[in-house]
Number of protein chains: 2
Amino acid sequence: MATIRDVAKLADVSVSTVSLALSNPARVSQKTLEKIRQAIAAVGFVADPLAQSLARGRSRMIGFVVGNVGNPFFGDIRRELENYALDHQHFVVVTDSSGKTDRERAMVEHLIGLKTAGLALAPSGYDQDYLDFIAGLNVPIVCFDQKVAGIERDFVGSDNYLAGAMLTEHLLQLGHRRIAFITGPSHMHTATERYRGFAETMANAGVEVNPNFVVDGQFTRTAGYEAAMRLLIQPERPTAILGANNTVALSTLQAMQELGFRCPEDISLAMIDNVQWSSVITPRITMVVQDTLALGGIIARRLMHRISNPQGAVEPPQDFVLTPKFVPGNSCRRL
Amino acid sequence: MATIRDVAKLADVSVSTVSLALSNPARVSQKTLEKIRQAIAAVGFVADPLAQSLARGRSRMIGFVVGNVGNPFFGDIRRELENYALDHQHFVVVTDSSGKTDRERAMVEHLIGLKTAGLALAPSGYDQDYLDFIAGLNVPIVCFDQKVAGIERDFVGSDNYLAGAMLTEHLLQLGHRRIAFITGPSHMHTATERYRGFAETMANAGVEVNPNFVVDGQFTRTAGYEAAMRLLIQPERPTAILGANNTVALSTLQAMQELGFRCPEDISLAMIDNVQWSSVITPRITMVVQDTLALGGIIARRLMHRISNPQGAVEPPQDFVLTPKFVPGNSCRRL
DNA sequence: TGATTAAATCGAACCGGTTCGATTGAGCCC
DNA sequence: GGGCTCAATCGAACCGGTTCGATTTAATCA
């Protein structure tokens with residue numbers, strides 16, 4: 001609990017000199033520096049980060065805000081960010097909004113109150129009020145995953161249109177025509193883009209989409225399960241189901257197993273996004289995955305760049321869009 | 001960015017009165033209270049949490065320290081803690097040590113520097129230096145998951161001995177005798193207890209354990225995979241494998257599938273701990289699960305109790321040990 | 001009505017750092 | 001030797017709250 005004043009007293013210099021020695025040693029004489037060093041060691045001084053943040057108006061913390069830290073997608077990104085941040089003397093504070101917009105906002109506000117140096121944010125909010133709030137923040141922010149129209153910030157994510165299109169094309173090539181799509185929330189960019197990839201690819205192939213084959217899975221387990229059941233009980237069943245994310249696809253697989261459908265013999269299944277332990281899920285689901293490590297690396301570098309470089313703060317926002325990767329499984333059969 | 005002094009000026013009272021009105025309204029007259037309220041609304045004042053923490057020597061943050069936030073076990077606990085904490089005006093800061101002891105310590109130190117009100121800690125360290133460090137902290141701490149001998153703090157966890165014993169007994173009842181056990185790190189309490197449950201139950205049944213049937217899986221994916229392979233290539237193969245946690249068990253399942261073993265026809269498999277999407281993994285693995293929601297609730301209540309009650313801080317540490325639950329699957333066959 | 005006490009409010013010090021303008025002193029040039 | 005510059009150091013104000021002893025105001029009682 002030694003303070004900077006204890007150090008100053010022991011080293012017989014002023015408090016400001018100690019502070020200067022710590023933040024900019026080059027401007028303090030060798031002799032004094034040495035005295036201060038010894039005094040610091042003698043009293044066991046460690047600067048109080050709270051006091052530093054208050055005085056500086058900035059802390060060395062980076063806020064990481066997502067809807068579900070348990071999701072391995074976010075987990076990988078968090079790890080990359082953290083490793084990079086630690087290398088640059090910054091500390092990552094993780095918060096989880098559980099997908100609730102109001103909670104997300106409260107958490108961002110709290111992080112701002114903590115005077116975080118920057119924010120990595122996967123936004124779930126979208127109303128004007130929220131956008132204005134984000135726009136008004138005077139802190140480096142890198143958004144990722146969800147591209148929200150109206151947020152003028154750096155964005156890092158994947159080409160979701162392509163992801164949807166790739167899987168659709170694959171199913172078409174296998175001879176499927178009655179392809180169903182389980183969507184995500186319509187206010188989410190990833191959801192609409194993935195659906196657009198599906199719809200346009202179908203249209204380009206001249207295949208009409210049965211309106212009953214597009215059901216809303218909300219990216220959640222319960223809604224996904226419900227959506228799958230709704231598809232499976234139809235008299236003219238789809239031959240393939242495309243899940244807009246991992247959660248709805250796995251819910252679909254569960255629903256299929258429960259009703260006694262075999263995959264891929266009876267119905268084929270494909271999904272966007274990876275899932276933990278996908279290798280032990282039977283069948284191995286054909287999927288398109290995002291390069292989470294690359295995404296995390298870009299987020300980390302971009303954010304630290306803005307934080308560390310004086311001119312980095314004023315650079316215009318930039319989009320980084322990565323190409324997702326097709327990973328074949330054995331959940332899609334040729335018709 | 002309005003400060004308390006702006007409020008004081010506008011309400012024509014002293015700064016200290018405003019502060020008092022905020023922290024203890026009962027001690028300020030109605031009239032003054034109203035003036036202050038209006039002034040606060042007029043200038044849009046929000047107290048700076050950093051300044052508050054510095055002055056008070058305590059913040060309203062709770063540190064949550066685990067080795068892997070992505071693990072659903074920790075995720076469930078985190079959610080419970082967070083919900084409870086938010087209801088009590090506290091904010092949870094999540095940190096992930098990635099299982100590295102030195103990083104965990106750095107993170108705890110950082111959280112202490114932030115003057116967190118309390119810590120929920122799943123310790124991974126165990127050397128004396130670390131124990132002394134934890135012992136020396138003058139902050140409410142609730143440890144969970146890993147019971148570390150030498151840490152005199154509240155502990156919340158499951159009866160791991162019982163967990164190991166239950167599954168072993170189950171396999172014995174099904175007629176298995178050649179049962180293999182994939183262990184976790186020997187310095188982890190959960191690992192040793194689970195193994196003890198296995199070993200003693202076997203001994204009590206008068207069944208000798210083949211030393212080659214106990215291999216170290218380190219609770220990790222790679223080591224678990226290696227351990228499984230080591231078991232599967234033995235000429236006198238086990239008829240059942242018991243994984244000390246979910247990760248090593250799933251790695252085992254993967255190894256079995258890769259080598260062409262069928263589960264449970266060729267080899268039975270059981271594990272301790274649940275796993276996300278266990279319902280879609282084929283076969284459904286027989287397991288013993290912890291009641292994560294109950295654990296999270298106890299951790300939350302215990303920690304907030306110590307934080308909020310003046311006398312809570314000095315209560316002697318207490319252990320809360322919950323009974324795990326047997327969840328049958330179809331991964332164990334009768335011999 | 002004056003003394004006594006409790007309630008309301010205030011002022012100043014404090015938490016532990018940072019920052020910037022002012023001061024001191026050494027070195028250099030003419 | 002006087003004037004000038006630059007490096008080293010210092011003092012004081014500041015960041016935005018809290019806290020506590022002191023002071024003022026209001027209420028109670030003899």
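Here is the naming used below: chain letters follow the sequence lines, and residue numbers restart at 1 for every chain.
- In this entry the distance linking CG of A:Leu22 with P of C:dT19 reads 12 Å, nearest Å.
- Proximity of A:Ser14 to the phosphate of D:dC10: a side-chain N or O atom is located under 4.0 Å from OP1 or OP2.
- Looking at B:Arg78, its side chain never comes within 3.5 Å of a backbone N or O of B:Val92 through a donor-acceptor pair.
- Under the 30°/60° scheme for interplanar angles, the aromatic rings of A:Phe155 and A:His189 are found to stand perpendicular.
- Cation-pi check for B:Arg60 over B:Phe91 is not met; the charged atom does not lie both under 6.0 angstrom from the ring centroid and within 45 degrees of its normal.
- Taking atom CZ of A:Arg56 as the reference point, atom P of D:dA13 lies 23 Å away to the nearest angstrom.
- Comparing A:Asp48 and B:Ala26 along DNA chain C, the residue whose closest nucleotide (by nearest heavy atom) sits nearer the 5' end is B:Ala26.
- Looking at A:Arg5, its side chain comes within 3.5 Å of the base of C:dG17 through a donor and an acceptor atom.
- A:Gln30 has its CD atom 14 Å from the C1' atom of D:dA7, to the nearest Å.
- Nucleic acid contact for B:Leu50: none, since no nucleic acid atom lies under 4.0 Å from a heavy atom of the residue.
- Atom CG of B:Asn24 is separated from atom P of C:dC10 by 16 Å (rounded to the nearest Å).
- Geometric assessment of B:Arg105 against the ring of B:Tyr130 yields a negative cation-pi assignment under the 6.0 Å and 45° thresholds.
- Note: NZ (A:Lys115) to P (C:dG17) measures 17 Å, nearest angstrom.
- Listed candidates were C:dT9, D:dT19, C:dG17. Nearest to the side chain of B:Ser29 is C:dT9.
- Residue contacts for B:Val15: at a heavy-atom cut-off of 4.0 Å it reaches a base atom on one of the strands shown.
- Within 4.0 Å (heavy atoms only), B:Ser16 reaches at least one base atom of the nucleic acid.
- In terms of position on DNA chain D, the residue among B:Ala47 and B:Arg27 whose nearest nucleotide sits closer to the 5' end is B:Ala47.
- One interatomic measurement links the two molecules: CD1 of A:Ile36 to P of D:dT9, which rounds to 8 Å at whole-angstrom precision.
- Toward the 5' end of DNA chain D, the nearer of the two residues A:Leu33 and B:Ala51, judged by each one's closest nucleotide, is A:Leu33.
- One can place CG of B:Leu114 at 15 Å from C1' of C:dC15, the figure rounded to the nearest angstrom.
- Between B:Gln52 and the phosphate of D:dG16, there is no side-chain N or O to OP1/OP2 separation shorter than 4.0 Å.
- Listed nucleotides: D:dC10, D:dC15, D:dG16. Nearest to the side chain of B:Ala55: D:dG16.
- Checking C:dT18, D:dC15, D:dG17 against every side-chain atom of A:Leu54, the shortest atom distance belongs to D:dC15.
- For CG of B:Asp102, the number of neighbouring non-hydrogen atoms (other residues, nucleotides, ligands) closer than 6.0 Å is greater than 12.
- At a threshold of 4.0 angstrom between heavy atoms, the contacts of A:Val18 with the nucleic acid are absent.
- Among the nucleotides C:dT18, D:dG17, C:dC10, the one closest to any side-chain atom of A:Ser19 is C:dT18.
- For the pair B:Phe45 CZ and D:dT18 C1', the interatomic distance rounds to 12 Å; values are reported in whole Å.
- Nearest nucleotide to the side chain of A:Val13, out of D:dC10, C:dG11, D:dG17: D:dC10.
- Aromatic rings from A:Phe144 and A:Phe73 are positioned such that their centres are separated by 6.0 Å or more.
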